[in-house]
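Below is one structure, written out as structure tokens; the observations come after it.
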Amino acid sequence: MTGKLLDNRYQLVKKIGSGGMADVYMAKDILLDRVVAVKILHSNFAEDNEFVVRFRHEAQSAGKLSHPNIVGIYDVGCDQGVYYIIMEYVEGTTLKQYIQTHPNIPIDTAVKIAIEIGSALEEAHRNGIIHCDIKPHNILLTDAGKVKVTDFGIARVINSSTIMNRESILGSVHYLSPEQAAGDKVTEKTDIYSLGIVLYEMLTHHLPFDGDTAVSIALKHIQNEIPRPTRFNPAISPMLEECLLTALQRDPDKRYDSISDFISELKIAQGFTTSIYKPAHPDFAAVPKPAAPRPKKNDPPLKVRERYLAYVITHLPQKYIWIAMVLLFLGAFIWAFFSFGNFWSSKNITVPDVVGKSVSTAEATLKSENLRVSIDEIASDTVPAGEVISQTPQAGMDVKEQRIIHLTVSKGGVVIQVPDLKGMTLEQAQEQIRRMNLKLGAVEKGDDSSMPSDVILSQTPAPGSNAEKGTVINVTINGKQFQAPDVVGMTLADARKALSAVQLAVGHVTSRDPSVKADDPESIVTEQMPQAGSAVTNGKVDLVVEKAKAASNGSSAEKRGSVNISIPKEGKARHVEIIVMDDDGRHTVYSSEAEPGAVITKDVSGKGKVRVQVLVDDSVIQDREL
């Protein structure tokens with residue numbers, strides 16, 4: 001479309017944006033020699049009468065509006081099947097781009113932008129138009145710092161039939177009001193909710209709800225409470241937070257009655273105005289004086305007291321009301337006197353910028369300018385302790401001398417109590433540490449036979465001590481625990497094989513007979529430490545051996561013995577066979593699957609020369625004579 005001339009007047013220069021149903025081009029109005037923006041309906045919708053009607057309705061709706069915070073509409077037309085709207089061209093960026101490039105928008109700036117958006121909506125609501133699609137993408141910020149609301153693409157005239165079907169929810173789901181998501185009636189309060197989400201995002205750099213699908217996000221708007229914004233930005237004042245949460249109530253009846261009320265509360269919360277009174281329009285028709293309220297049967301005592309107190313206050317004599325008003329005025333005057341400086345002073349002082357400075361430097365700077373200081377401390381994970389986070393009034397404002405400058409100062413990260421990790425596996429400890437915003441440090445090996453293998457024995461810092469976010473936790477892990485098999489009666493060679501099969505090794509080998517060499521593979525094991533079935537902490541078993549006894553060749557006397565084997569705790573089940581070979585031949589006396597950690601004990605016997613073999617998964621791990 002670039003270069004196309006519409007109605008011999010509007011020359012399309014370049015494409016500058018695209019939406020759900022139209023593209024936007026920068027163009028030149030040849031007749032008036034000015035730059036304009038042209039919104040052109042997508043070609044695939046041009047033959048759809050419903051979309052064409054909606055497209056024209058956008059121009060008719062927005063054309064009624066004339067306000068400095070609303071993008072102006074100049075013309076509407078159709079040329080060779082191309083439907084277009086001619087709009088004011090705004091040089092600048094979208095609010096979404098501004099949020100993405102400014103991770104720490106000052107609170108005053110965010111509120112001022114919201115107020116200007118609210119002023120545009122106030123004008124639209126006065127003309128019976130609901131925007132229905134307020135989101136940062138539809139807010140333009142000019143190079144001069146002006147806020148412009150655009151894209152009344154789904155704006156609708158307020159009437160009794162303003163219903164949005166579930167299939168036709170067109171607003172962006174992150175900024176969708178609960179009633180839009182549920183397909184209920186749309187009112188002015190829909191725009192209040194969406195504006196609240198935009199302000200929430202500016203103040204916290206987070207959206208209140210997110211999800212994998214548009215449906216899941218829409219359901220959260222319907223079912224879930226909005227997370228408090230101070231969770232992400234502790235510098236938000238309680239008054240501003242309550243103001244924002246009122247605008248974001250799921251029930252429209254609990255929100256502000258109008259966008260004007262929302263704007264007024266925002267101004268009060270940030271000190272942009274001090275007026276909190278609204279004009280009253282009483283009905284002067286005679287009404288009977290109400291009697292004192294009777295407590296309801298199921299009312300709690302506190303509710304009864306509140307109802308009675310409200311009745312007493314509303315029926316005080318008029319002179320007492322006047323006295324209370326005078327005292328209130330005097331109190332407000334005294335507060336203002338000390339808060340805003342010397343009223344009679346003609347000297348104005350430009351507030352210096354102390355944000356980011358240490359509190360001591362900030363105090364000295366402000367006091368040198370004949371200003372006073374009040375300090376509030378809040379926890380912050382991003383600003384170092386003792387550094388100024390924000391100031392009110394802001395830097396650059398002119399105030400009277402002796403004005404109080406309120407400083408919000410960081411007191412460092414949130415204090416975290418170190419968890420007790422003893423007895424946890426390393427994986428469990430890592431998850432616990434991650435959840436508490438701590439870090440895992442060095443992992444050392446330890447030995448404690450009273451504790452299971454692979455669990456944490458100790459840690460530093462100690463459990464229960466205070467730490468800041470990111471503190472490193474060092475741990476000691478218990479080594480693997482193995483049970484010693486019974487190798488007494490085996491030759492030294494067989495004992496080595498039996499121990500190796502369960503991931504153990506022979507330690508010190510000694511003999512009480514000086515004639516026996518400790519490394520003789522045919523010597524017989526008479527003692528072992530630790531004993532069979534006990535835990536081995538260092539991975540080795542010490543042995544005592546003696547000289548092998550001569551075999552009694554040709555003897556047919558029955559010989560008896562015992563086979564004891566432990567299956568490793570780690571790994572899979574093993575097939576175990578015990579084979580006896582004697583003068584009568586070869587016999588399999590045991591054949592079965594053994595689970596990890598099983599201990600197998602089997603009595604064996606034979607005649608004459610008896611030899612016993614133990615096979616695990618067809619591998620010989622013991623081969624000895626009785």
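Worth knowing before you read on, the calculation uses all heavy atoms, side chains too, and leaves out hydrogens, waters and symmetry mates.
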Side chain to side chain contact (heavy atoms under 4.5 Å, CB included) between Thr408 and Ile375: does it pass, once the steps are laid out?
CA-CA 6 Å; Thr408 302; Ile375 298 172; over 6 Å; no
Residue pair Asp29, Arg9: steps toward the salt bridge (Lys or Arg N to Asp or Glu O under 4.0 Å) verdict:
CA-CA 6 Å; Asp29 183 346; Arg9 177 174 178 180; 2.8 Å; yes
Run the side-chain hydrogen bond (donor to acceptor under 3.5 Å, both in side chains) check on Tyr175 and Asp133 step by step: do they pass?
CA-CA 8 Å; Tyr175 308 90; Asp133 195 20; over 6 Å; no
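Counting heavy-atom neighbours within 6.0 Å of Asn8 CG, excluding the residue itself, gives a total of 12 or less. Sparse packing is recorded around NZ of Lys28, with 12 or fewer heavy atoms of other residues, nucleotides or ligands lying under 6.0 Å away. Around NZ of Lys439, the count of heavy atoms belonging to other residues, nucleotides or ligands within 6.0 Å does not exceed 12. Residue-environment remark: CG (Asn104) stays at or below the threshold of 12 foreign heavy atoms within 6.0 Å.
Ion pairing between a basic and an acidic side chain is recognised when a charged N comes within 4.0 Å of a carboxylate O; Arg228 and Glu242 show such pairing.
Considering only residues two or more places apart in sequence or on other chains, Asp210 meets the side chain to side chain donor-acceptor pair (under 3.5 Å) condition with His174. The ring pair (Phe, Tyr, Trp, His ring centres under 6.0 Å) check on His205 picks up nothing, with sequence neighbours excluded. For Thr109, there are no side chain to side chain donor-acceptor pair (under 3.5 Å) partners, not counting sequence neighbours. Legend: residues meeting side chain to side chain donor-acceptor pair (under 3.5 Å) with Ser260, ordered by chain and number and at least two apart, are Glu122. Ser374 is linked by a side chain to side chain donor-acceptor pair (under 3.5 Å) to His406, counting only residues two or more places apart in sequence or in another chain.
Listed by first and then second residue, the ring-ring contact (aromatic ring centres under 6.0 Å, His included) pairs involving residues 178-203 are Tyr193-His221 (not counting sequence neighbours).
No side-chain heavy atom of Ile389 sits less than 4.5 Å from a side-chain heavy atom of Glu387. Counting heavy atoms from C-beta outward, Tyr10 and Asp79 have side chains that stay 4.5 Å or more apart. For the pair Leu5/Ile30, a side-chain contact is recorded, criterion being any heavy-atom separation below 4.5 Å from C-beta on.
Stacking of Arg255 on the aromatic ring of Phe262 is not recorded, the 6.0 Å distance cut-off and the 45° axial limit not both being met.
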